[in-house]
Number of protein chains: 2
Amino acid sequence: MATATIGNSEFDRDTAVTRRAPGVYDADLSAGWTIIQAVNGGYLLALMGRALGDALPHPDPMSVTAHYLTASVPGPASIRTEVVRTGRTMSTGTATLVQTAEDGTEVERLRVIAAYGDLGALPDDVRTTAKPPAIPPYEHCLGADSAPGDRPAIPGSTAIADRLDLRLDPATAGWAVGAPSGKGDMRAWFGLADGRAPDPLSLLLTVDALPPTAFDLGLSGWVPTVELTTHIRRRPAPGPLRVAIVTRNLSGGFLEEDAEVWDSDDHLVAQSRQLARAPQGDE
Amino acid sequence: MATATIGNSEFDRDTAVTRRAPGVYDADLSAGWTIIQAVNGGYLLALMGRALGDALPHPDPMSVTAHYLTASVPGPASIRTEVVRTGRTMSTGTATLVQTAEDGTEVERLRVIAAYGDLGALPDDVRTTAKPPAIPPYEHCLGADSAPGDRPAIPGSTAIADRLDLRLDPATAGWAVGAPSGKGDMRAWFGLADGRAPDPLSLLLTVDALPPTAFDLGLSGWVPTVELTTHIRRRPAPGPLRVAIVTRNLSGGFLEEDAEVWDSDDHLVAQSRQLARAPQGDE
């Protein structure tokens, strides 16, 4: 298969939005990015990010917060955006994703507020004490296509798994064979299966594409996101990404997931944190 | 001085809002919470949190994201709220803070999106690997009233310093005497000066009340917040709080500040992250 390019890939086609009126967009939520029954939250975020990138004068998402209100379903959807503020180097906007229910009523799925800027115009200074995640080489990590003896790291055959080139660190994949580490960690190599290179928009998918850290805590079941904030800190270099997610505090039935995304040049390109409901299933 | 109580304290009076119409509130931004020229971002967040607590059916902020659009000034302000979704255990709302400029135009200061719930109704389970910050005892930390030989840890005599009982860990106060650690850390004991106990609303102030971590990196000058997200994870126990803030990645002229707040019972009660512009001043 020829390698897909930015702008001409499955991800780009499935996150396309069509401007119907100023600030109003039509979209078609693809069934190709579902996991179990739900449309993946990172895919939805990328779609909202594309609409905001059109509505705002700056090209790149720098801070994007999403509140997940109701479960999206594959099919038609509308996005309405509002430009909140336009500055010289940054602009701020909101977006709402709505779908029409069977009874004809409009249901809001997602509410987003975001700050956009131009990552290409930023100075090149980096002073970081963060370290890239310690993760084994790609070929030693586990994908959905791992041999039966290795057990697939991604449970079931979900649509999104076909579109991602996700390789889990074996140290955080023990839950797939009933032996979670108990630490609340998840680490993986991440790419798009058709070879499309990463960009700021696809990073919005990347931060929410790994199995839940709750699995590594020995919990099973659904982990619905309440709120997810992503900071895109730099345009990613081409090549595979490394993602490290950690949960440090499960309390009162909620947990946070802190994600870092590192590019092939060893730069920290995205940080995200989400607040999610802890699953009810136990080890 | 008699100890102030929740509901009857300077913080409560200065964050009071008056409902003018359904979802619309009048407020008076106090000059008592300014630092240098600006009204403190955490104080503003608490004020918005109070309005949302009135507008939404659930009492406690659980996830609050604020985008800081323009600099607020002491004086009259209005808050308009929108109820986005009302669920059984959580509700979602937005709020906008506006002030009237000298030429009579309305200027938006702050846009907030938040999820509210009832922290008192959550189960008491805690499974945390996070550790309380290593911070010396209160009496070994440095306050604004430290003797001249110790140098005040809070620069200048700012209004907010009189309202906080803030004691910096000496290890993160070196910048005040020209010897920053270079690590990007800030740790302190935190209380309200009048003795009011902490609650979820005051935690919104707490996460943005310490000197910027950039000072510990050897940078000086203003560190304007672009976006700040706070998760309130638990109602704090009475008594002093410990706050630890760390910056791990300064890149492209921006930095993140990750804060944790721990209560006197050794529970992690709040986590926050902000994206801010790095100051232009250098060591």
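Each chain gets a letter, A, B and so on, in the order the sequences are listed, and its residues count up from 1.
Ranked by non-hydrogen atom pairs under 4.5 Å with chain A, the options B:Ala115, B:Ala278, B:Ala130, B:Gly184 are led by B:Ala130. For the set B:Lys131, B:Glu227, B:Lys183, B:Glu108, the entry with the most heavy-atom pairs within less than 4.5 Å of chain A is B:Glu227. Between chain A and the options B:Leu255, B:Val126, B:Leu69, heavy-atom pairs under 4.5 Å are most frequent for B:Leu69.
Salt-bridge annotation for A:Arg273 and B:Glu256: absent, with no side-chain N of the basic residue lying under 4.0 Å from a carboxylate O of the acidic one.
Heavy atoms of B:Ser91 lying under 4.5 Å from chain A are absent altogether. Residue A:Thr86 does not touch chain B at all, counting heavy-atom pairs closer than 4.5 Å. Residue contact with chain A, scored on non-hydrogen atoms closer than 4.5 Å, is absent for B:Arg235. When heavy atoms are compared at a cutoff of 4.5 Å, B:Gln274 approaches chain A solely by way of its backbone atoms N, CA, C and O. Contacts between A:Thr96 and chain B at a heavy-atom distance below 4.5 Å are absent for every atom of the residue. Using a 4.5 Å cut-off between heavy atoms, A:Thr92 contacts chain B through its side chain alone, with no backbone atom that close.
The closest donor-acceptor contact from the side chain of B:Arg233 to the backbone of A:Phe254 lies under 3.5 Å.
No side-chain heavy atom of A:Met62 sits less than 4.5 Å from a side-chain heavy atom of B:Val226. Looking only at side-chain heavy atoms (C-beta outward), A:Arg111 and B:Ile113 come within less than 4.5 Å of each other.
B:Asn249 contributes atom CG, which lies 4.5 Å from atom CG of A:Leu268 (distance to the nearest 0.5 angstrom). The distance from the OG1 atom of A:Thr129 to the CG atom of B:Leu217 is 8.0 Å, given to the nearest 0.5 Å. Rounded to the nearest 0.5 angstrom, B:Leu275 CG and A:His231 NE2 are separated by 5.0 Å.
Taking both residues in full, the closest heavy atoms of A:His67 and B:Ala114 are given as CE1-C, 3.7 Å, listed atom of the first, atom of the second, then distance. The two atoms that bring B:Gly253 and A:Pro123 nearest to each other are N-CG, 4.1 Å, heavy atoms only. Of all heavy-atom pairs between B:Arg234 and A:Ser251, the closest is NH1-OG, 4.4 Å.
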